[in-house]
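Remarks on the structure that follows.
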Amino acid sequence: MVIEHEEIVGVDYSTQGLTELVAVGTRFERCRFDGLRFQYVALGSGMELSQYVECSFDGAVLTGTAGYSRFIGCTFRNAEIRDLTADYLELVECAFTGRIKSTTFWGAPPPGSAERFTSNLAFLAEQGQPEPPGYRMLALRESNEFHGNDFSGVDLVGVDFRYGIDLTRQRLPTGSDYLYLEDAEAALHRALMLLVDRPADDLTAQVERSLRRMLDREISTGQRQLLFREVDYSNKGVLKPHARLMFDLLRNASN
């Protein structure tokens, strides 16, 4: 189903058996997408913003791309979100349970966004089309709004929060295999200092590389808090040796 430039209120799509959804410049309010098993979604396709306000995706399966989409007060209870490209996704006061897998949430558009914007404008010019109204503001914005969301009851597997998402403004899972660093930069530096007393072997070198990579990839790009999960560093349920040492160091460093 492709929906373009509409304002839709109170429609129940949950009984329609949809497997694909493409929304372009559309606003959905109090709509239901419950139980739908989407094989592909483009929640904010094109070069315009699509919004979802107080909609429910309870029990749904979502995979695809978020595009230019904004969700306010929506629910994803017992839902499965996997492999979602979420470069420009905005989430405000949404609630999640179920599972989110292999997805990165961005507090600001990721690297290459400006280049994609320029490339898209060049393509439009070749087709004799003008720059769409509002596209520049969407594509070149400095941040994605992301706060007030409840992830406390969701199973996070291979999920990253990057580029300045304030995790103090979200509710997060607290299981024993999660590790939350509220002051990630300080904890990473303390963990590196603890490595000094370790033998200079391959395991120590591997952990040092991992910690420095986090400082470079996460902290230097604006992420102040980090959330780790042991399952993401495990093989057949067994935590890899370098990951075990890294988690031990970070837990000690965060106390």
Side-chain angles (χ1 to χ4, degrees), residues 3 5-9 21-31 33 41-58 60 62 64-77 79 81 83-98 100 102-114 116-117 120 132-154 156 159-173 180 182 184 217-227:
I3 304 177
H5 308 119
E6 294 191 37
E7 291 198 10
I8 301 173
V9 179
L21 172 65
V22 177
V24 181
T26 292
R27 186 179 192 274
F28 299 90
E29 183 175 349
R30 298 191 304 279
C31 293
F33 301 87
V41 293
L43 298 166
S45 190
M47 301 178 190
E48 304 168 67
L49 178 67
S50 289
Q51 299 189 68
Y52 301 77
V53 180
E54 297 180 1
C55 295
S56 63
F57 294 79
D58 300 345
L62 298 170
T65 178
Y68 296 111
S69 61
R70 176 179 172 87
F71 291 77
I72 303 172
C74 296
T75 61
F76 300 81
R77 299 186 181 95
I81 299 170
D83 300 307
L84 185 69
T85 302
D87 297 6
Y88 292 91
L89 172 66
E90 295 189 310
L91 293 176
V92 179
E93 297 182 355
C94 295
F96 299 81
T97 61
I100 304 175
S102 302
T103 295
T104 298
F105 296 111
W106 298 89
S113 299
R116 286 199 298 272
F117 168 75
N120 287 340
Y135 176 49
R136 182 178 298 268
M137 184 176 295
L138 281 175
L140 301 181
R141 68 190 182 200
E142 294 184 356
S143 63
N144 300 326
E145 191 171 3
F146 203 106
H147 58 81
N149 302 296
D150 188 352
F151 297 98
S152 61
V154 72
L156 299 178
V159 172
D160 291 308
F161 298 92
R162 290 185 177 165
Y163 270 55
I165 289 181
D166 188 349
L167 295 184
T168 67
R169 302 183 70 188
Q170 329 295 327
R171 291 187 64 194
L172 302 173
Y180 172 62
E182 185 164 352
R217 186 182 66 182
E218 312 293 350
I219 306 305
S220 69
T221 55
Q223 191 60 39
R224 298 291 173 252
Q225 308 86 27
L226 293 175
L227 181 68

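- Separation of atoms SG (Cys74) and CD (Glu29) is listed at 10.0 Å; rounding is to 0.5 Å.
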Worksheet entry | Intermediate values then yes/no, side-chain contact (heavy atoms from CB on, under 4.5 Å), Phe76 and Leu62 | CA-CA 10 Å; Phe76 300 81; Leu62 298 170; 3.8 Å; yes
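- Ala86 and Thr104 get closest at one heavy-atom pair: CB-O, 3.6 Å.
- Evaluation of the side-chain hydrogen bond (donor to acceptor under 3.5 Å, both in side chains) test over residues 132-145, restricted to residues two or more places apart or in two chains, returns Arg70-Glu145, Asn120-Tyr135, Glu131-Arg136, Arg141-Asn144, Glu145-His147.
- Between the side chain of Thr97 and the main chain of Gly153, no donor-acceptor pair closer than 3.5 Å is present.
- A distance of 9.5 Å separates CG of Asp150 from CZ of Arg77, quoted to the nearest 0.5 Å.
- Glu182 places no side-chain N or O within donor-acceptor distance of the main-chain N or O of Gln225, the cut-off being under 3.5 Å.
- The closest side-chain heavy-atom distance from Arg116 to Asp87 is below 4.5 Å.
- The SG atom of Cys94 lies 10.0 Å from the CD atom of Glu54; values are rounded to the nearest 0.5 Å.
- Considering only heavy atoms from C-beta on, Leu227 stays 4.5 Å or farther from Phe151 through its side chain.
- Within the 3.5 Å criterion, the main-chain N or O of Gly25 finds a donor-acceptor partner in the side chain of Ser50.
- By the side chain to side chain donor-acceptor pair (under 3.5 Å) test, Glu218 is found to be paired with Arg162, residues two or more places apart in sequence or in another chain being considered.
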Worksheet item: Can you list the steps and then say if Ile3 with Phe28 is a side-chain contact (heavy atoms from CB on, under 4.5 Å)?
Response: CA-CA 10 Å; Ile3 304 177; Phe28 299 90; 3.8 Å; yes
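- Between Ser113 and Pro109 the shortest heavy-atom distance is OG-CB, 3.4 Å.
- The local environment of CD in Glu6 is crowded, with over 12 non-hydrogen atoms from other residues, nucleotides or ligands closer than 6.0 Å.
- With rounding to the nearest 0.5 angstrom, the CG atom of Asp83 is 12.5 Å from the CD1 atom of Ile100.
- The backbone N or O of Ala42 lies less than 3.5 Å from no partner atom in the side chain of Thr65, so there is not a single donor-acceptor pair.
- Legend: residues meeting side-chain contact (heavy atoms from CB on, under 4.5 Å) with Thr221, ordered by chain and number and at least two apart, are Tyr163.
- The two residues Thr75 and Ser56 have their closest heavy-atom pair at OG1-CB, 3.3 Å.
- A 4.5 Å side-chain heavy-atom check between Asp166 and Arg224 finds every atom pair outside the cut-off.
- Thr26 places a side-chain N or O within donor-acceptor distance of the main-chain N or O of His5, the cut-off being under 3.5 Å.
- Within a 6.0 Å sphere centred on CZ of Arg171, heavy atoms belonging to other residues, nucleotides or ligands number 12 at most.
- Arg217 has no carboxylate O lying under 4.0 Å from a charged side-chain N of Asp160, or vice versa, which leaves the two without a salt bridge.
- When all heavy atoms of Val154 and Gly98 are compared, the pair lying nearest together is CG2-O, 3.5 Å.
- Side-chain contact between Leu156 and Phe161: present, with at least one pair of heavy atoms (C-beta onward) separated by less than 4.5 Å.
- Each of Phe71, Phe146, Tyr88 was checked for a ring pair (Phe, Tyr, Trp, His ring centres under 6.0 Å) with Phe105, and the lone residue meeting it is Phe146.
- A distance of 5.5 Å separates OH of Tyr180 from OG1 of Thr168, quoted to the nearest 0.5 Å.
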Worksheet entry | Check against side-chain contact (heavy atoms from CB on, under 4.5 Å), Glu93 and Ile72 | CA-CA 6 Å; Glu93 297 182 355; Ile72 303 172; 5.7 Å; no
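- Between Phe96 and Leu91 there is a side-chain heavy-atom pair separated by less than 4.5 Å.
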Practice prompt. Check the pair Leu138 / Phe117 against side-chain contact (heavy atoms from CB on, under 4.5 Å), numbers first and verdict last.
Written response: CA-CA 10 Å; Leu138 281 175; Phe117 168 75; over 6 Å; no
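- Listed here is the closest heavy atom pair of Leu226 and Ile219: CD1-CD1, 4.5 Å.
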